[in-house]
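Single-structure report; data block below.
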Protein chains: 2
Amino acid sequence: MDPIDRSLLRALQTDSSRSIAELADSVGASSSSCHRRIKSLEAAHIITGYSALLDPVRLGLKLHAFVEITLESQSRTAMERFEAAVAQFDDILECHLTSGNADYIVRIAARDLEHFDKIHRECLSLLPGVSSMRSSFAIRTIKRWKGYPTG
Amino acid sequence: MDPIDRSLLRALQTDSSRSIAELADSVGASSSSCHRRIKSLEAAHIITGYSALLDPVRLGLKLHAFVEITLESQSRTAMERFEAAVAQFDDILECHLTSGNADYIVRIAARDLEHFDKIHRECLSLLPGVSSMRSSFAIRTIKRWKGYPTG
DNA sequence: AGTGAAATGGACAAATA
DNA sequence: TATTTGTCCATTTCACT
């Protein structure tokens, strides 16, 4: 992991559809070296995959919510049951066990409030062992996710 | 946007490095139809780009934090100043204006607590007009982001 | 189905450390 | 010395028309 690898990762996070020649050019290396670097970053599982980025609004998903969830019990089995349920629901885009007041933070994308209500009823409220939930809605996105910093 | 487009978007979010022939196969369409569909999804800006996915742990980023930030004032200028500052800092990966108690929710990735402290001092504490901040650390990721649901 | 561009993989000498 | 790089090379795959 030298500076060229880092700038390569930055370039690939920004746009992975560019040709190796272009990438090589922008990071200041030869095509073959660039190709080799990408292959070894993949082999090292630093690059875990490639993905298309979608516009949520054009997909009809205008409502983003972060939901903080507290469990009634922090016992191992309660957490395992909760987490197994989370894995089932496709509407839960992301879930982290966190420090702080809430036990879990969950991310939801919905079409609108009505759809969020539906997700709330048919998914969030079915999660087992929940003591309390607090939802925050994203009114506006100030900064969108564009990959990890590479230093 | 028919069911084939939807399953194509799902496939492209999961793995955009597959060839068009493979994708066509998995969604049950011909290669040429699949190719045309991808081009029009790009032209419609439903697909906004392609990106490499990185493993944060192997990048040395073991600490994820969600920081809830409240401003002293919700005046237009206070918010604009805050948001302009957020845009400057590369360590802020994501930022949303939210409903609920906190005004903003911000996402941070750091190497460790020491690095987070550094980010806290050199970035978060420099944000203008902040009244209070509450940090939650991700202890464990239950479900990782894998793209938007496509229905 | 055909064309052209690009990814892939290999060999080897130069450079680097 | 050992590893990495750059410049060829040939082959194959694939995007695009």
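Atoms considered below: every heavy atom in the structure, side chains included; atoms not considered: hydrogens, waters and symmetry mates. Every chain is numbered from 1 and lettered A, B, ... according to where its sequence line falls, protein lines coming before strand lines.
Picking from dG9(C), dA15(D), dT7(D) the nucleotide with the shortest atom distance to the side chain of H35(A) gives dG9(C). When distances run from any side-chain atom of I20(B) to the nucleotides dA15(D), dG6(D), dT5(D), the shortest one goes to dA15(D).
OP1 and OP2 of dA6(C) both lie 4.0 Å or more from every side-chain N or O belonging to S19(A). Not one side-chain nitrogen or oxygen of R36(A) sits closer than 4.0 Å to the OP1 or OP2 atom of dG10(C).
Within a 6.0 Å radius of CG in D90(A), no more than 12 heavy atoms belonging to other residues, nucleotides or ligands are found.
A side chain to side chain contact (heavy atoms under 4.5 Å, CB included) with I108(A) is found for exactly one of L61(A), I92(A), L63(A), namely I92(A).
Closest-nucleotide positions on DNA chain C for A21(A) and S32(B) were compared, and the one nearer the 5' end corresponds to S32(B).
A centroid separation of less than 6.0 Å is found between the aromatic rings of F116(B) and F137(B).
Between D5(A) atom CG and dT5(D) atom C1' the separation is 13 Å, expressed in whole Å. Taking atom CZ of R37(B) as the reference point, atom C1' of dA15(D) lies 18 Å away to the nearest angstrom. Between the C1' atom of dA7(C) and the CZ atom of R18(B) lies a distance of 18 Å, rounded to the nearest Å. We find that CD1 of I38(A) is positioned 12 Å from P of dG9(C), with the value rounded to whole Å. Whole-Å rounding puts the I4(A) CD1 to dT4(D) P distance at 13 Å.
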Query raised in the report: Which is it for F89(B) and L126(B) under the side chain to side chain contact (heavy atoms under 4.5 Å, CB included) test, yes or no, and what are the steps along the way?
Result: CA-CA 10 Å; F89(B) 293 117; L126(B) 299 182; 4.2 Å; yes

